[in-house]
Amino acid sequence: MRELFEAGKIQDLVTREKLATKWDERSDSWVSVFDSYMIMCPGDIYDKVHPELYRALNDAMREAEILYSCLEVAKEE
């Protein structure tokens, strides 16, 4: 996430600002699952369908989408 942030590849301005603030305070802090999802899966399919969900299953679905996006990026390289 840090490399994407520094390369200017994170398009969501709210997420960019949140990460900038977080890393200004502590440069080694982790990116939350929600922020990772917003970065890697900008279509945000789960919040559009079920905006009230934010439980373990929803986190697992988001993490699966993040991993899938990472694999797609790796295949392109």
**Prompt:** Can you tell me how far CG of Leu4 sits from CG of Leu19, rounded to the nearest 0.5 angstrom?
**Reply:**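 If we round to the nearest 0.5 Å, Leu19:CG and Leu4:CG are 10.0 Å apart.
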
**Request:** Report the residues that fulfil salt bridge (Lys or Arg N to Asp or Glu O under 4.0 Å) with Glu3, sequence neighbours left out, ordered by chain and then residue number.
**Result:** none

**Message:** Test of understanding: with salt bridge (Lys or Arg N to Asp or Glu O under 4.0 Å), list the residues that count as partners of Lys9, not counting sequence neighbours.
**Reply:** none

**Prompt:** In chain order, what residues pass the ring-ring contact (aromatic ring centres under 6.0 Å, His included) check against Phe5, with sequence neighbours excluded?
**Reply:** Trp23

**Partners passing side-chain contact (heavy atoms from CB on, under 4.5 Å) against Glu76 (at least two apart in sequence or in another chain)** = none

**Request:** Before accepting this row, confirm whether a basic side-chain N of the pair Glu72/Lys75 lies closer than 4.0 Å to the acidic partner's carboxylate O.
**Result:**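 Yes, Glu72 and Lys75 are salt-bridged.
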
